[in-house]
Amino acid sequence: MFWFLAVQAINAGVQCLLNFAIYRDKPEVPPGPGTAQDDSPHPSMKDALIAMSKNWGFMCNNIIFTLLYSCQNALATVLGEIATVYGFEPEEASLFGVTIIVGAISGSILYGYLLEKLKNYKSVLVFICIASTISTTALIYIIPSGVVEYVAAVFFCIGFNIISVAVVCFDLGVEQLYPLGESFSPTILNLSDAIGTLILISL
């Protein structure tokens, strides 16, 4: 616990150093048109919510992201308890967490590459949904076996698909809510995910 707190303190100190000593309030020269002064009215979150409610595609995108990502968040929250119930050691539970993270990184890279190549959000999302369903269902039957390698492989698949859905849904949401700003889609999706996660954890 001491070393964990020490690392957190060092991390906070480095962030303060970057913020106060390196970053400036404004760049000397605006890097692009996005920072230029614009007198036209900017859309608000209310405008984004209205646009979302009228966009069936974004609503479906929001539901897909919320269902998948809130499942992952809830699973990560109770992963230690699940491992304990099925007789795994704390080190093995930590291994499962690492495999989820590694899977998420790998999946994000692959799906991001596929989106750039295929330009087909629907096909990628359909594959992610099917793979997520298979991997989470497999976990129900494999985790009672107590075989660490098999369980870790399933957790890798879960991270590979469920967490990586964020790459697809965020990018797709920006396209669906255009011409609203790029920040609105992730904000709305994360809000829905937080509500879904709270409900699942409570259950």
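Computed from heavy atoms alone, side chains included, the values below leave out hydrogens, waters and symmetry copies.
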Measuring from atom CG of Leu95 to atom CD of Glu149, what distance do you get when rounded to the nearest 0.5 angstrom?
8.5 Å
Hey, quick one: are Ile101 and Ile163 part of the same hydrophobic cluster, counting side-chain heavy atoms closer than 4.5 Å, chains of contacts allowed?
no
Measure the SG-CD1 distance between Cys169 and Ile63 for me, rounded to the nearest 0.5 Å.
11.5 Å
Treating Ile, Leu, Val, Met, Phe, Trp and Tyr as nodes and any side-chain heavy-atom pair under 4.5 angstrom as an edge, say whether Leu67 and Leu189 lie in one connected cluster.
no
Decide side chain to side chain contact (heavy atoms under 4.5 Å, CB included) for Phe155 and Val98; before the verdict, give the C-alpha distance in whole Å, the side-chain angles of both, and the deciding distance to 0.1 Å.
CA-CA 9 Å; Phe155 275 121; Val98 171; over 6 Å; no
Check whether Ile134 and Leu139 end up in the same hydrophobic cluster, where Ile, Leu, Val, Met, Phe, Trp and Tyr are linked by side-chain heavy atoms less than 4.5 Å apart.
no
Hydrophobic cluster membership, Leu118 vs Val126, 4.5 Å side-chain cutoff:
no
With a 4.5 Å heavy-atom cut-off, do Val147 and Ile142 have their side chains touching?
no
What pair of heavy atoms forms the shortest contact from Val151 to Ile143, and how long is it?
CG2-CA, 3.8 Å
Exactly one of Tyr121, Tyr69, Phe65 clears ring-ring contact (aromatic ring centres under 6.0 Å, His included) with Phe170, and that residue is Phe65
Same cluster for Val102 and Tyr150 if Ile/Leu/Val/Met/Phe/Trp/Tyr side chains link at under 4.5 Å?
yes
Rounded to the nearest 0.5 Å, what separates atom CD1 in Ile130 from atom CG in Leu125?
11.0 Å
Shortest non-hydrogen contact between Thr197 and Ala74, atoms and distance:
CG2-N, 4.3 Å
Check against side chain to side chain contact (heavy atoms under 4.5 Å, CB included), Asn161 and Val165:
CA-CA 6 Å; Asn161 293 286; Val165 75; over 6 Å; no
Can you see which heavy atom on Thr66 is nearest to which on Gly196, and at what distance?
CG2-CA, 4.2 Å
Salt bridge (charged side-chain N to carboxylate O under 4.0 Å, His left out) filter on Glu116, not counting sequence neighbours, yields Lys119
All pairs passing ring-ring contact (aromatic ring centres under 6.0 Å, His included) where residues 72-95 contributes a residue, at least two apart:
Phe88-Phe96
Would Ile105 and Ile109 satisfy side chain to side chain contact (heavy atoms under 4.5 Å, CB included), going step by step from the backbone distance to the final call?
CA-CA 6 Å; Ile105 296 173; Ile109 294 173; 4.1 Å; yes
With a 3.5 Å distance limit and no angle check, can you tell me whether Ser94 reaches the backbone of Pro90 through a side-chain donor-acceptor pair?
yes
Where do Val167 and Leu115 come nearest, in terms of heavy atoms and distance?
O-CD1, 4.4 Å
Applying side chain to side chain contact (heavy atoms under 4.5 Å, CB included) to Thr136 and Ile162, what does each step give before you reach the verdict?
CA-CA 9 Å; Thr136 49; Ile162 293 184; 3.7 Å; yes
Ring geometry between Phe160 and Phe156 (parallel below 30°, tilted from 30 to 60°, perpendicular above 60°)
tilted
Kindly give the heavy-atom pair with the smallest separation between Ser164 and Gly103, and that separation in Å.
OG-O, 4.3 Å
Contact check, side chains of Cys60 and Trp56, non-hydrogen atoms, under 4.5 Å
yes
Of all the heavy-atom pairs spanning Ser132 and Leu68, show the shortest one and how long it is.
CB-CD2, 3.8 Å
Could you tell me whether the side chain of Cys129 reaches within less than 4.5 Å of the side chain of Ile64, counting heavy atoms only?
yes
